[in-house]
Protein chains: 2
Amino acid sequence: MLSAACRDSIRAMIYIANLSKKERYKNRFISIYKIARDLGLSFYFLSKNFQKLVKAGLLESHRGPHGGVKPLKPPSKIRLIDIVTVIDGIDFFNNCILGFEECSDENPCTIHNLWADKRNQILNMFEKTTLEDAIKNIERFENIKV
Amino acid sequence: MLSAACRDSIRAMIYIANLSKKERYKNRFISIYKIARDLGLSFYFLSKNFQKLVKAGLLESHRGPHGGVKPLKPPSKIRLIDIVTVIDGIDFFNNCILGFEECSDENPCTIHNLWADKRNQILNMFEKTTLEDAIKNIERFENIKV
DNA sequence: ATATTTTAAGATAAAATACTCTTAAATCTT
DNA sequence: AAGATTTAAGAGTATTTTATCTTAAAATAT
């Protein structure tokens, strides 16, 4: 459902948002190399994907020593759908599951009535969930995976 | 979410199931060429994908003149999940949306609590929906897309 | 100023997916 | 029996996605 690029990006954004709250990292740039290492991701792939998030204004970047990236908004203002939109685009949430160009309540495919509902629920989840929600879970659970 | 192969296969299975109910086609093999033409799909791609459905026992095939494919079960006994399982596999419904190998209620990722629910609802939809349900919609709506 | 660190950008490579083609095998028709 | 029709199977090609590499540009530190 999410591309690998989007998966990685969401994980990284959650990680960054969480780290940025800590005193030691507040308002500091976090090195992409560190993020990739800590999350077990490819530095190359991650920095490539970050370029889109920077362009989209979700991240600010800075080169040189002590450079890296940092969020441009508080975790409560960054929704998962914002990241998905930038990396994968929003097509999934508009498109017919059977691939029809025009598929709507008025002009449905054979399973539109079933899928449209599920699709909207997923969209709803991505729209409602912010990085702050994810961070809260980090605080709540002992052995949570970030 | 569904691969192109799976999309096409579901459409084709719905089409076949619907056609097989009609007197003229009852218990007859339907040519793959005809199916592809009627649905606007690639004959090559479709016949390739059908091979899996035949092997899996969802379709019976027959070569030579008046050959083709026909369903091995009534539409009410073929669920969408059966087709998805054969073509795409079932991984999607087991896997963590952030890609963690082990992600469960006991050992969750940061958005497991949200995603697991949606994922199960989708699974539920694919498990509950049969070809018969899709066919009923064809009968119900005038301009439905098949 | 120079060297070092770090991201940006574009090129390249590898892998996965989507799609097509060719030949073979089976079945039917005559 | 011969020819036509149709799916099976495997090889081949194209496209997209994923991943890596290289060079450049910017910033810092010395």
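A, B, ... follow the sequence lines: proteins, then strands. Residue 1 opens every chain. Since this is a predicted model, take the numbers as computed values, not measurements.
Here C:dT6 presents its P atom at 12 Å from CD1 of A:I35, a figure rounded to the nearest Å. As a whole-Å value, the separation of A:Y33 OH from C:dT5 P is 13 Å. Counting to the nearest Å, the P atom of D:dT16 and the CG atom of A:D88 are 16 Å from each other. In this structure, A:L46 atom CG and D:dA19 atom P are separated by 11 Å, rounded to whole Å. Summarising the geometry, the separation between CD1 on B:I87 and P on C:dC19 is reported as 13 Å, rounded to the nearest angstrom. Atom P of nucleotide D:dT6 and atom NZ of B:K34 are separated by 12 Å, given to the nearest angstrom. The distance between atom CZ of B:F43 and atom C1' of D:dA9, rounded to the nearest whole Å, is 13 Å. Atom pair A:Q51:CD and C:dG10:C1' shows a separation of 9 Å (rounding to whole Å applied).
Contact check, B:S47 against D:dA8: no side-chain N or O comes under 4.0 Å of OP1 or OP2. At the phosphate of D:dT28, OP1 or OP2 sits under 4.0 Å from a side-chain N or O atom of A:H62. Side-chain nitrogen and oxygen atoms of A:H66 include at least one within less than 4.0 Å of the OP1 or OP2 phosphate oxygen of D:dA29. For the OP1/OP2 pair of D:dT18 and a distance below 4.0 Å, the side-chain nitrogens and oxygens of A:S42 include no atom meeting the criterion. Regarding contacts with the backbone of D:dA19, every side-chain N or O of A:Y44 stays at 4.0 angstrom or more from both OP1 and OP2.
The pair B:D82-B:R79 meets the salt-bridge criterion, with a side-chain N (NZ, NE, NH1 or NH2) lying under 4.0 Å from an Asp/Glu carboxylate O. Of the charged side-chain nitrogens involved, none lies within less than 4.0 Å of a carboxylate oxygen, so that A:K136 and A:E139 do not count as a salt-bridged pair.
Note that CG of A:N18 is 11.0 Å distant from CD of A:E132, once rounded to the nearest 0.5 Å. Going from atom CZ of B:R11 over to atom OG1 of A:T110 covers 8.5 Å, rounded to the nearest 0.5 Å. Rounded to the nearest 0.5 Å, atoms CG (A:L131) and NZ (A:K21) are 11.0 Å apart. Note that CD1 of B:I97 is 4.0 Å distant from CH2 of B:W115, once rounded to the nearest 0.5 Å.
At most 12 non-hydrogen atoms from other residues, nucleotides or ligands lie less than 6.0 angstrom from NZ of B:K77. With a 6.0 Å radius and a threshold of 12 heavy atoms from other residues, nucleotides or ligands, B:F43 has its CZ atom above the threshold. At most 12 non-hydrogen atoms from other residues, nucleotides or ligands lie less than 6.0 angstrom from CZ of B:R28.
Near-neighbour residues of DNA chain C inside residues 3-32 of chain A, defined by a heavy atom below 4.0 Å, number-ordered: A:S31, A:I32.
Within the helix from C:dA1-D:dT30 to C:dT30-D:dA1, the inter-axis angle between the opening and closing five-pair segments is 10°, rounded to 10°.
The side chain of A:P65 sits closest to C:dT4 out of D:dA9, D:dT7, C:dT4. Residue B:V54 has its side chain nearest to D:dA8 when only D:dA8, C:dG10, C:dT29 are considered. Among the nucleotides D:dT20, D:dG10, D:dA19, the one closest to any side-chain atom of A:F45 is D:dA19. Considering only side-chain atoms of A:R63, the nucleotide from D:dA8, D:dA24, C:dA18 that sits closest is D:dA24.
Between A:K48 and A:G64, the one whose closest nucleotide on DNA chain D sits nearer the 5' end is A:K48.
Checking B:L80, B:L58, B:I35 one by one against B:M13, the side-chain contact (heavy atoms from CB on, under 4.5 Å) holds for a single residue, B:L58.
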